[in-house]
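Read through the structure below, which is laid out as structure tokens, and then see the notes.
Just so we're on the same page: letters track the sequence lines, and every chain starts at 1. Any value given below was found using the heavy atoms of this structure, including those in side chains, with hydrogens, waters and symmetry copies removed.
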Number of protein chains: 2
Amino acid sequence: MHTPLNHDIRIAVSTVIFSLRARTEGDSLMIPLVKRTRDPHDGMWALPGGWLREDEGLEDAASRTLAETTALAPTWLEQLYAFGDVERAPTRVVSIVYWALLRSDHVEAQRAADGAPDNVEWFDVDDLPALAFDHNAIVEYAVWRLRNKVGYSRIAAGLLPDEFTLAELRSVYETVLGSRLDPSNFRRLLEGSEALVPTDSFRTGNHRPAQLFRYNAGPDLSTRGPIA
Amino acid sequence: MHTPLNHDIRIAVSTVIFSLRARTEGDSLMIPLVKRTRDPHDGMWALPGGWLREDEGLEDAASRTLAETTALAPTWLEQLYAFGDVERAPTRVVSIVYWALLRSDHVEAQRAADGAPDNVEWFDVDDLPALAFDHNAIVEYAVWRLRNKVGYSRIAAGLLPDEFTLAELRSVYETVLGSRLDPSNFRRLLEGSEALVPTDSFRTGNHRPAQLFRYNAGPDLSTRGPIA
DNA sequence: TCAAAAGTGTTAGACTTACACCCATGT
DNA sequence: ACATGGGTGTAAGTCTAACACTTTTGA
């Protein structure tokens, strides 16, 4: 007896890359998609990704395709799920999907520098076209995970610059969660959370200056990965 | 330019299978391991698993290897993580790992019927030998996930027969979490949770008879998978 | 009748939520 | 001076944890 070989199953690594983008009313949660230039699904939008190389780890592959797509390094990168249904593509492909957060200021800077990278476009997660393969379901699951994780970890700050006001951080939560939060309660909750440390700077602008905060360097104990 | 092919990366599917087993003092959380009969790591204990076949989905592969190892169907089966570091095995292998729960009564019945299946042995998760590959780290992560999930979902009952007393269910929580729970608070918490419905039967035995409960058929809304 | 587990009641504290209110700034 | 967001105070409601107490059985 012999176990059937699986050399004809290919492994792809794709990434759902989140960032925020200012809109007329409030921000939007956006992801970059790539227009496919070959069959299957030629011409449709798909998640950035590529084949796993023999000499790179899964997370390395995710970082690589992320960099190829956005020329940026993420503030957060985490495995989402391995999708491997037999019929999810015409040939047998197992996709190992990651999700990532990019700082909004980096994305804006990159966008200004680059003009428009070919075949890449940012879409509002609440207003996606029909995507290639099972990518709509994948994005939906990634959004669910992000929303969920925002509630019990400090990843929200991964969408902001190093220093930010509480209102800016609250706005991130509101955009991600899709609901309003009470400013005073939000402040108390986060101020009492250790992780957040005030700086000496203030954001001056339209009204009373707001104190800037940063996250301390310590590890986020509310979350853990498979290794440690 | 050509993307390097990845036909020499093989895909394995393994499963961390949890069940409870009565011990002198309290129960223990146990998993079955398989003794390897070939290199690499010949003779060491490893998670049950096998190569992914071209015509089966990931979850199907997990179910298959689970059945091959224990001749049982799980009450819970969920993807844990995809492990794909380059150096985790001498040849390049990406392991997609699932974790599962088995009802303790089924395991006991199966054990009695079968004698001892070759090369398979059950181990206490708190007292494992050095396992093949990175399997110790994988089990540790699976235990973390189980503990975590027990806190906010109803999966604990997946380790018990259909009907159980609240004390039995509490004992499962205590074994999994590794801490004692207040019986009265536990009762109130679960009785108020809808999902648990009382039956007309009572478990008679040493002391005052305890009412038997079962979980209602409805979906566990506290958890969700990648598809829906 | 007594030990032990089943099951009920009660209370103190923690945490959440809602909202009234004062503060500091740009216009 | 005033509109607006920054920031503080407070009280009601909910959730949690600890534990005293009553009930029901087997031995």
Which residues share a side chain to side chain donor-acceptor pair (under 3.5 Å) with [X], sequence neighbours left out:
X	answer
E140(A)	none
D124(A)	S28(A)
W76(A)	E78(A)

Handout entry: Side chain to side chain, L47(A) and L33(A), heavy atoms closer than 4.5 Å
Key = yes

Practice task
For the pair W99(A) and F18(A), name the ring-plane relationship: parallel under 30°, tilted 30 to 60°, perpendicular over 60°.
Solution key: perpendicular

Problem - Donor-acceptor contact below 3.5 Å, side chain T65(B) vs main chain A62(B) - result: yes

Taking ring-ring contact (aromatic ring centres under 6.0 Å, His included) as the definition, give me every residue that meets it alongside [X], ordered by chain and number, with sequence neighbours left out.
X	value
F186(B)	Y173(B)
Y81(A)	F83(A), Y141(A)
W122(A)	none

Fill in the blank from the handout: Ranking R188(A) and A210(A) by the position along DNA chain D of their nearest nucleotide, the one closer to 5' is A210(A)

Fill in the blank from the handout: Comparing nearest nucleotides in DNA chain D, the 5'-proximal residue of the pair P209(A), D182(A) is P209(A)

Exercise for the section: Please find the earliest and latest nucleotides of DNA chain C, in the 5' to 3' direction, that have an atom within less than 4.0 Å of any heavy atom of chain A. Expected result: dT16(C) to dG26(C)

Handout entry: Boundaries of the DNA chain D segment in contact with chain A, non-hydrogen, under 4.0 Å
Key = dT4(D) to dT10(D)

Problem - SB check D162(A) R103(A) (cutoff 4.0 Å) - result: yes

Practice task
Examine the side chains of R188(B) and N185(B) and answer whether a donor and an acceptor come within less than 3.5 Å of each other.
Solution key: yes

Handout entry: Rounded distance [0.5 Å steps], CG in L159(A) versus CD in E168(A)
Key = 12.5 Å

Practice task
Please report the closest heavy-atom contact between P74(A) and L102(A), naming both atoms and the distance.
Solution key: CA-CD2, 3.6 Å

Handout entry: Heavy-atom pair of closest approach, residues M44(A) and A130(A)
Key = CE-O, 3.3 Å

Practice task
Among residues two or more places apart or on two chains, list those pairs meeting side-chain hydrogen bond (donor to acceptor under 3.5 Å, both in side chains) that have a residue in residues 129-138 of chain B.
Solution key: R88(B)-D134(B)

Problem - Angle of first-five versus last-five pair axes in the helix from dT1(C)-dA27(D) to dT27(C)-dA1(D), to 10 degrees - result: 0°

Problem - Sub-4.0 Å heavy-atom contacts from residues 152-176 of chain B onto DNA chain D, ordered by number - result: none

Fill in the blank from the handout: Within residues 196-208 of chain A, those residues having any heavy atom closer than 4.0 Å to DNA chain D are H207(A), R208(A)

